[in-house]
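Quick note on labels: first sequence line is chain A, next is B, and so on, each numbered from 1. Excluded from the calculations below are hydrogen atoms, water molecules and symmetry mates; all remaining heavy atoms, backbone and side chain alike, are included.
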Amino acid sequence: MRLKLVPDETNWDFFAWRKFTFGLSVVAMIVAVLAWVVFGLNFGIDFLGGTTIRTESAQAVDVGDYRAAIAPLGLGDVSITEVFDPTFAEGRHVGQVRIQAQGDAEAVTPETIAAVEEALRTVDPTITFPSVESVGPKVSGELVTTAFLAVGASLVAILFYIWLRFEWQFSVGAVVALFHDVILTIGVFALLQIRFDLAVIAALLTIIGYSINDTVVIFDRLRENLIKYKKSPLVDVMNRSVNETLSRTLMTSGTTLIALLALLVLGGDVIRGFVFAIFWGVIVGTYSSVYVAKNVVLWLGVNRDPKKPSDAGTQFADLDA
Amino acid sequence: MIDLALWKRLAILFVCLVGLALALPNAFYSRAERHNDAMTAIERGAVTTPEMAEDIAAWPEFLPSGVVNLGLDLRGGAHLLAEVQLADVYESRIDAYWPEVRDTLRDLRDTVGTIRRQNGPGDALSVRISEPAGLQAAVDAVRGLSRPITSLSGVGQQDIEVSGSGDTLTVRLSEAERAAIDERTLAQSLEIIRRRVDEAGTREPTIQRQGGDRILIQVPGIGSAQELKELIGTTAKLTFHPVRGETRDPNAPVSADQILLPDIDDPERFYILERTPVVSGDDLVDAQPGFDQNGSPSVTFRFNPAGARIFAIYTAENVGSPFAVVLDDQVVTAPNIREAITGGSGQITGNFSVEEANRQAILLRAGALPAAMTFLEERTIGPELGQDSIDAGQTASLVAMAAVVVFMIASYGLFGVFATVALGINVALIFGILSMIGGTLTLPGIAGIVLTIGMAVDANVLVFERIREELKTARGPARAISLGYERALSAIVDANITTFIIATILFMLGSGPVRGFAVTLGVGIMTSVFTSIFVTRLLIIIWFERRRPKQIEV
């Protein structure tokens, strides 16, 4: 007996609801952008500058006491959170203190950090500080630029590669899908107010990498089938291609998600945000490969006869009806 | 039909075995690491102790012993990103021109009249002359002082640019000279930081230049970023200045070619010094802690020949006048010159404790940092947190692997077993390659490996699914297998090249942990393509040749 995620022969019509699914994606993207604008991102110190101090103690973290202890130092916006993790042993309490960048100081001064640590020790003498990180505003500004550059450069590189290997309609479809994935991931981070730091940017790029992987596999099959079934309408060829690769799509997403799930639960709180971003991205990326990338290609049309000049958009205009 | 030439089979086998051998030390991390540490110590000329011999014996000589470096987030330690204040260097460089400019213009007193140094931006030297008509002559004369640049990029260019307008003559450093200074200062700073960190004897520090004016310093195993900063020191800059006066007024007016510096022991006492030092720490060749004739701790120093000559001339000409020893912008002592000091060595006595004298000597010996540094980024990660992350990462990876294996075998049966073997080899190859290229494993890097575990099966899945399809139409299982590999190839290549592009971009733009992630992702892509295209195929072919099944089920 074999485990089969999908039956051997499927002939599901993925594009019957294409207006609905594409509409859904558009709505989701709008919601994501709204969340981004309204709630903003919970930027980590990588992007904002400032200091985070991780605390660990046998005693429970009392956010109020911590805050009261630090308040007299007049450090402006201080956020204190308790960190929970299933991997923590009984009686292990971890907290996170975040101090905003102080004026235009390059990095938070060691005196400030020492003062904060001293203040916290008066609340809880057993407290230890497993990690202290400070980033000056100058560096954080550059990190933001670099991050945007990295995401942008990836999209352009992909656009170019797919155009080279396939056709421009495919590369537009792929990049729109990637854009969709990135926006939705940023949206989730805004909605859930998960800390958004440099590692999350790395995750975004990984999502781009994963999603494109998925998209390319289906495109590859589409290219093959376009030659095989010259007479069928584009939408049918696409449906066939998606159906044929469906089993693989779900297998790969399945194994990747299983592996990531293990990391999400057992990998510790330090990289949870990072893993969560990738986990979410894999789901969105799988969806977008079928419902965004293909839809875009469908709407743009494909020039199936190389001898005829491409008049994309009109050749298959009837398909949109 | 499926077939694979013998040499190809051997090549695949060979790569796998080499990969496994390279990865092996990582399975016995602490043993291999002890072995390596002992070997490095002996190479550096340490005497072999019985403990070291034991450490060396802990790992067999004939096996590769390289292990994957653990990043700071896994091992714990301190990370600093320092910015070198190049503007300070420009300033002191242009300042050093003042005596020459002054002397040159004095020689032209008839045409330019009296001269006066103006306060202005630090990186320019402005001189006002009382006879504006002589400006052109002054500019030409000062231009004559410029020297050609000796660096590779600045060939044929001069080090200063002289301009004049109205009654003011301005001397600036040329672009090429600035570039040369940047290069030299960074190289010197790197070297000095490296020496100081090495003197503390920590393992595998990373000291790297980043961009135009930054230095990244990562030292595993050190207690905190603060400790690291103290170790590097900020400047320890030693200079000798002629003394022009003494005051207790911190705001005493001084002319543009003078500076006011506090006394190191008495903060209310200030010295008025000539801005341009006679000799600086750059000319220092040695510094040792010691005791003066009264038995109080002191620091003895020695100059190089150039420094010794200047020092001798200056002291001979100025017997009886005071001169100041300045350490990090504080006057340590300002004795009167009793006689010409011709031997090129001297002694600083202040109110030092023995430890202070010792520390100062180390700082002076290691060489002054050519410029002050500000720290843009500081991170301290405790070793316990790192260990927690390793443990969590390990558990998660094992669970992830087990889950993927179960899933694959449940889906593809025997072919799933082949994929599992390939997956094991894949992970070993990743570690092997990382050990070989001296890659660093970071926490996101572990995530990268887990992600690769998930995605590595992708190429296999592509092939297996394709074989399934081909089985429906092709004649016989052998043909189906062969077609499956052939036809899945283009999808595998395209999919992995695009992911590889992303890994490359991450590597180029990322830093620290992110870069570690990019490396594992990139290496993982290469190894997974290799294992799924070649290793599983080899396994399937060997199995197929032995069994010759009439029918296969994938």
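The distance from the OG1 atom of A:Thr51 to the CD atom of B:Glu378 is 8.0 Å, given to the nearest 0.5 Å. One distance of note links CD1 of A:Ile201 with CG of B:Leu506; it measures 10.0 Å at 0.5 Å rounding. Atom CG of B:Asp494 sits about 7.0 Å away from atom CD1 of A:Ile162, to the nearest 0.5 Å. Between the CG atom of A:Leu257 and the CZ atom of B:Phe407 there is a distance of 9.5 Å, given to the nearest 0.5 Å.
The shortest non-hydrogen separation linking B:Pro444 to A:Ile271 is N-CG2, 4.4 Å. For B:Leu385 against A:Ser131, the heavy-atom pair with the smallest separation is CD2-CB, 3.7 Å. Minimum interatomic distance between A:Gly209 and B:Ile502 (heavy atoms only, all atoms of both residues): CA-CG1, 3.8 Å.
Using a 4.5 Å cut-off between heavy atoms, B:Val399 touches chain A through backbone and side chain atoms alike. Contacts between B:Tyr412 and chain A at a heavy-atom distance below 4.5 Å involve backbone atoms as well as side-chain atoms. For a residue to count as touching a neighbouring chain, one of its non-hydrogen atoms must lie under 4.5 Å from one of that chain's; by this rule B:Ser490 touches chain A with backbone and side chain alike. Neither the backbone nor the side chain of A:Leu264 has a heavy atom closer than 4.5 Å to any heavy atom of chain B. Heavy atoms closer than 4.5 Å to chain B are found nowhere in A:Phe219, neither backbone nor side chain. Within the 4.5 angstrom heavy-atom criterion, only side-chain atoms of B:Ile505, from C-beta onward, approach chain A. When heavy atoms are compared at a cutoff of 4.5 Å, A:Arg165 approaches chain B solely by way of its side chain, counted from C-beta outward.
With respect to the salt-bridge test (charged N to carboxylate O, under 4.0 angstrom), the residues A:Glu224 and B:Arg466 qualify. For A:Glu133 and B:Arg379, the salt-bridge test passes: some basic side-chain N is under 4.0 Å from an acidic carboxylate O. Electrostatic pairing of A:Asp220 and B:Arg487 does not count as a salt bridge here, judged by no charged N lying under 4.0 Å from a carboxylate O. For B:Glu469 and A:Arg221, the salt-bridge test passes: some basic side-chain N is under 4.0 Å from an acidic carboxylate O. B:Arg214 has a carboxylate O that lies under 4.0 Å from a charged side-chain N of A:Glu142, or vice versa, which qualifies the two as a salt bridge.
Listed options A:Pro130, A:Ala114, A:Ser211 were ranked by heavy-atom pairs under 4.5 angstrom with chain B; first place goes to A:Pro130. In terms of heavy-atom pairs under 4.5 angstrom with chain B, the leader among A:Tyr161, A:Phe166, A:Phe129 is A:Tyr161. Between chain A and the options B:Ser224, B:Ser411, B:Ala402, B:Ala392, heavy-atom pairs under 4.5 Å are most frequent for B:Ser411. If you tally non-hydrogen atom pairs under 4.5 Å between each of A:Ile218, A:Thr146, A:Val282 and chain B, the highest count goes to A:Thr146. Contact tally against chain A (heavy-atom pairs below 4.5 Å) for B:Asp388, B:Ile501, B:Thr395: the top residue is B:Asp388. When B:Gly382, B:Ala78, B:Ala488, B:Ala225 are compared by the number of non-hydrogen pairs under 4.5 Å with chain A, B:Gly382 comes out ahead. Contact count versus chain B (heavy atoms, under 4.5 Å) is highest, among A:Thr52, A:Thr128, A:Val216, A:Leu261, for A:Val216. With respect to chain A, the highest number of heavy-atom pairs below 4.5 Å among B:Ile446, B:Leu462, B:Leu398, B:Ile409 belongs to B:Leu462. Heavy-atom pairs under 4.5 Å with chain A peak, among B:Gly76, B:Ser389, B:Ala403, B:Ala491, at B:Ala491. Contact tally against chain A (heavy-atom pairs below 4.5 Å) for B:Ile381, B:Asp73, B:Asn496, B:Ile497: the top residue is B:Ile497.
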N/O donor-acceptor pairs under 3.5 Å from side chains in residues 447-455 of chain B, not counting sequence neighbours:
residue  : atom : partner  : partner atom : Å
B:Thr452 : OG1  : B:Gly448 : O            : 2.4

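Under the 4.5 Å side-chain criterion, counting only non-hydrogen atoms from C-beta, B:Leu376 is not in contact with A:Val135. Inter-residue side-chain proximity for A:Ile258 and B:Met401 is flagged as unmet; no heavy-atom pair is nearer than 4.5 Å. You'll find the side chain of A:Phe274 stays beyond 4.5 Å of the side chain of B:Leu443, heavy atoms only. Taking the side chain as every heavy atom from C-beta outward, A:Tyr210 and B:Thr499 never approach each other to under 4.5 Å. Taking 4.5 Å as the limit, some side-chain heavy atom of B:Arg468 sits within range of a side-chain heavy atom of A:Ser247. In this structure the side chain of B:Phe464 never reaches within 4.5 angstrom of the side chain of A:Arg248, judged on heavy atoms. Between A:Val139 and B:Leu81 there is a side-chain heavy-atom pair separated by less than 4.5 Å. B:Glu377 places none of its side-chain heavy atoms less than 4.5 Å from the side chain of A:Ser134.
Among A:Thr215, A:Ile208, A:Ile212, the one residue that satisfies the side-chain contact (heavy atoms from CB on, under 4.5 Å) test with B:Thr498 is A:Ile212.
Annotation for A:Phe88: atom CZ counts as buried by contact number, over 12 foreign heavy atoms lying within 6.0 Å.
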Step-by-step side chain to side chain contact (heavy atoms under 4.5 Å, CB included) determination, B:Met408 to A:Met251: CA-CA 9 Å; B:Met408 283 300 281; A:Met251 271 304 289; 3.9 Å; yes
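The stretch residues 149-159 of chain A places A:Leu149, A:Ala150, A:Ala153, A:Ser154, A:Ala157, A:Ile158 near chain B, each with some heavy atom under 4.5 Å from a heavy atom of that chain.
Shown here are the side chain to side chain donor-acceptor pair (under 3.5 Å) partners of A:Asn225, two or more places apart in sequence or in another chain: A:Ser241, A:Glu244.
Residue pairs meeting the salt bridge (charged side-chain N to carboxylate O under 4.0 Å, His left out) criterion with at least one member in residues 254-283 of chain A, sequence neighbours excluded: A:Arg54-A:Asp269, A:Asp85-A:Arg272.
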